[in-house]
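Data first, discussion second: the structure below is written as C-alpha cells.
Letters A, B, ... are given to chains in the order of the sequence lines, protein chains preceding strands, and every chain is numbered from 1. Model, not experiment: these values are computed from the prediction.
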Amino acid sequence: MEKVNIVIVGGGPAGLAAAAAAYDAGERSILILERDSMLGGILNQCIHNGFGLHTFKEELTGPEYAKRFEDQVEARGIACKLNTMVMDISPEKVVTAMNRTDGMFTIEAGAVVLAMGCRERSRGALNIPGYRPAGIYSAGTAQRLVNIEGFMPGREVVILGSGDIGLIMARRMTLEGAKVKVVAELMPYSGGLKRNIVQCLDDFGIPLKLSHTVVDIQGKDRVTGVTIAEVDSRNKPIPGTEEFYSCDTLLLSCGLLPENELSRQAGVALSPVTNGPVVNESLETSIPGVFAAGNVLHVHDLVDYVSEEAAAAGRNAAAYVRGDLVEDRSHEIPLEFAGGPRYTVPATLDPAKMGDAVTIRFRVGAVMKNRFVDLYLDDERVLHRRRQVMAPGEMEELVLKKSMFEKHGETSRITIRVEEA
Amino acid sequence: MEERNLICINCPMGCPLTVTLGDDGSVISVTGNTCPRGDAYGRKEVTNPTRIVTSSVPVSGAKSGMAMVSVKTASDIPKGKIFDVVSDIKKITVTAPVHIGDIVKANVAGTGIDMIATRDVE
Ligand SMILES: Cc1cc2nc3c(=O)[nH]c(=O)nc-3n(C[C@H](O)[C@H](O)[C@H](O)COP(=O)(O)OP(=O)(O)OC[C@H]3O[C@@H](n4cnc5c(N)ncnc54)[C@H](O)[C@@H]3O)c2cc1C
Ligand code: SF4
C-alpha cells in the first residue's frame, strides 16, 4: 500500500491552506484528494467580490482568492489528485479513494486533514407541503448553474431563507434579468451579512420579509407560484397573513451543513450542534492524527478564517507526523460557556499542547446587544471584551494566549461567558 | 432638506444612519453612527455610491470544457450604472486562454473602467 504522511481530503480553501502550511512546517509527503475537476472548492462558483479582506486587505472574488492558494500549493510542488473521490477513511487512517485512471486505491496515511466543506440543507428537511414541481432549487445549485454553466434557472423568483447564498443569488439573478419578488426568512433576523442585505437586496428594492415562511407551492409540472405567510414566535404560520406570489422558480437558502459522512464512517465523534467533528486545541478529532478545518468543522462566513484555521490544522498534522504532538490527551479541559454561545471550536484545550495562542471561535444563538464576552480560567477573568452586537450570522472569536495560563497557574476550568454590559 | 436612512455595512454593528442633505444635495450631517467609518460611509453612499460589479461570460475553446469565465469591474463603478454595465457585457464571448486580470471589455458602459477576468481558463 502506498504511504503518504499527510492526506488532505478536499481541495477547497481549507485543504489548500492546510497543505501549504504543512509544507512550510517541513513536511514533504503531502497529497490532496479532490473529487471535483478543479481545486478551489465552493469558491469557484462564488464569483462575487468580498473575499480576503482580512488576509490580503483587498476585496477579491472567490476564484481570485482560490487562485492565490492554488498558486501556493503549486509553487511548493504539492501533489494533488483531481476527479478523485474519497470513499472511506478507516480509524487506522487508511484512506480509500477512487478515480477513473487509478480505479479504487488505498493509501496508508500518517495523518489526515478533513477539509470536505459543507453542503446545503435539503428541501426534505424544510417540510413544505404540496407537490414537488420543477423549478425548486437550492440557492447553491442555482449559483453553480448561473455562474459556472451559464444557465438561468428561471425568470420570476421567490427566495426562502436569507442566508448569504440566497442574498447573493437575489442580486445575481436580478442582474441577469430575472425579477426577484421577495426573500422570506423564517427567523426574526437575517442569517446573512449586513453588507449582503444592503448590496444584494436594498440596492435593487427586493423586499426581505422576516418571520415569514413558504406555506404552499403551486404548480404541477413547474412552479407557478408560492404562498408565504407570517409566523408567530413558535414559527407557526399565522392564519390570514398569507400572500401569493406568482413565480416560476423557488430558491431555498436554508443554511449549510458540514459534510461529515466520511468522518462518521471513520468513527470521528461529531458535535450535535455544529454537525462537525469535536476537536481539541490542535484541531485534532477524537481519532488521533485526524484533523479537521474549514466548513467541514463548522460553517464559516468568511473564507479568511477558513484559511487561518486550516493552516493551523496543517501545521499540527505535520507536528503529529514528526512525533511532536504529545499523544496523551488526558489533560484536555472542556471549554464551558454560558449566556449565549452555542458551541466553541475547539471544544477542549490542553494548555501544555497549545503553542503560543489558540483562537476560539463560536456563534451565539440569538441577536444580542451591548454585551461583554469574558473568558475565565477557573474564577479569574483573563479577557473582557465589549461587543456592541452579536448575531448568529457572524462568527465570534477570542484569542487565548499561553501566557494567560502561565500567569494563572494550574487551571481546571475554562469558561466563556457572555454577560450584559 | 432631505433625510436618507441607511444601514452602515462596515461592521456587524450595522448602525442605522440618518444622512441629512441640503437643498443643493450636499451632506449637512450624518447621525446614528458609532464610529467615523459610519460617517464616511454615509456621506459616500448618499453623494457618490459605487459598487464592484461581478458577472460571468461565456468562454469558447477551453481545454477543460469550462463554459463560463467569471469577470468583475477592475474598480468601483457608480451604483446607477450597474445595469448598463451588465447589459454591455451581455453579448460578449471570450476565447480561451484567458487569465486573471485580462481585459474582457475595455471602458465598460463608458464608465472608464475595464471589465476584467477573475479566473484562468486555459
Ligand atoms: C455561496 C457562498 C458565498 C460565500 N460568500 C463569501 C464571501 O462573500 N466572503 C467570504 O469571505 N466567504 C464567503 N463564503 C464562505 C467561504 O467561501 C467558505 O467558508 C469556504 O469556501 C469554505 O472552504 P472549505 O475548503 O472548508 O470548503 P469547500 O470550499 O466547500 O471545499 C471542500 C472541497 O472538498 C471536496 N470534497 C468533499 N468531499 C470530498 C470527498 N469525499 N472526496 C474528495 N473531495 C471531497 C469538495 O469537492 C470541495 O472542493 C461563502 C460561501 C458560500 C457557500
Ligand atoms: S458606524 Fe462604525 S460601528 Fe457602526 S456599523 Fe459603521 S463601522 Fe460599525
Side-chain angles (χ1 to χ4, degrees), chain A residues 37-38 40 43-51 53 58-68 70-71 82 143-151 168 171-172 174-177 189-190 193-204 301 367 369-370 387-391 393-396, chain B residues 4-17 33-35 38 41 45 49-60 62-76 79-80 82-90 93 98-101 116-122:
Chain A
S37 58
M38 52 189 169
L43 292 180
N44 285 305
Q45 67 183 60
C46 297
I47 63 165
H48 57 281
N49 61 306
F51 296 82
L53 268 173
E58 50 177 318
E59 280 196 32
L60 302 172
T61 61
E64 290 172 306
Y65 186 93
K67 183 69 165 51
R68 303 229 171 161
E70 286 165 45
D71 288 349
L82 298 176
Q143 188 181 44
R144 201 191 63 240
L145 290 175
V146 177
N147 292 346
I148 297 195
E149 289 165 34
F151 167 78
I168 295 283
R171 172 175 63 189
R172 186 74 183 105
T174 303
L175 291 180
E176 285 298 319
Y189 51 83
S190 163
L193 300 172
K194 275 267 138 53
R195 153 199 179 96
N196 286 337
I197 301 211
V198 171
Q199 298 196 347
C200 300
L201 300 186
D202 298 354
D203 272 8
F204 304 99
D301 2 74
V367 177
K369 293 209 160 136
N370 209 11
R387 291 282 196 285
Q388 302 279 7
V389 69
M390 300 201 285
E394 319 247 359
M395 191 183 284
E396 295 285 330
Chain B
R4 297 265 288 275
N5 295 312
L6 308 169
I7 299 171
C8 178
I9 62 163
N10 285 299
C11 89
M13 270 295 283
C15 296
L17 308 178
N33 56 310
T34 307
C35 80
Y41 174 77
E45 237 345 72
T50 60
R51 299 286 186 268
I52 301 259
V53 177
T54 63
S55 187
S56 54
V57 300
V59 58
S60 63
K63 277 190 209 137
S64 58
M66 279 289 288
M68 307 290 283
V69 57
S70 50
V71 298
K72 69 173 182 185
T73 52
S75 61
D76 298 25
K79 184 178 149 191
I82 293 177
F83 280 98
D84 297 342
V85 166
V86 172
S87 69
D88 200 25
I89 57 165
K90 271 270 149 64
T93 297
V98 188
H99 296 107
I100 289 182
I116 59 173
T118 57
R119 73 151 45 246
D120 292 344
V121 179
E122 298 303 332

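- Within the 4.5 angstrom heavy-atom criterion, atoms from both the backbone and the side chain of A:Asn44 approach chain B.
- Legend: residues meeting ring pair (Phe, Tyr, Trp, His ring centres under 6.0 Å) with A:Tyr189, ordered by chain and number and at least two apart, are absent.
- For B:Ile52, the parts lying under 4.5 angstrom from a heavy atom of chain A are both the backbone and the side chain.
- Annotation: ring pair (Phe, Tyr, Trp, His ring centres under 6.0 Å) contacts of A:Tyr65 (sequence neighbours excluded): A:Phe56, A:Phe69.
- With a threshold of 4.5 angstrom between heavy atoms, A:Met390 does not approach chain B through any atom at all.
- A:Glu149 touches chain B through its backbone: at least one of N, CA, C or O sits under 4.5 Å from a heavy atom, while the side chain does not.
- Looking at B:Ser55, the atoms closer than 4.5 Å to chain A (heavy atoms on both sides) sit in the backbone and in the side chain alike.
- One finds no salt bridge joining A:Asp203 and A:Arg171 here, because no Lys/Arg side-chain nitrogen approaches an Asp/Glu carboxylate oxygen to under 4.0 Å.
- Only the side chain of A:Arg172 has a heavy atom closer than 4.5 Å to any heavy atom of chain B.
- With respect to A:Arg195 and A:Glu59, a salt bridge is recorded, a charged nitrogen being found less than 4.0 Å from a carboxylate O.
- The closest side-chain heavy-atom distance from B:Ser56 to A:Ile47 is below 4.5 Å.
- When the candidates B:Lys72, B:Glu45, B:Arg51 are compared by the number of heavy-atom contacts under 4.5 Å with chain A, B:Arg51 comes out ahead.
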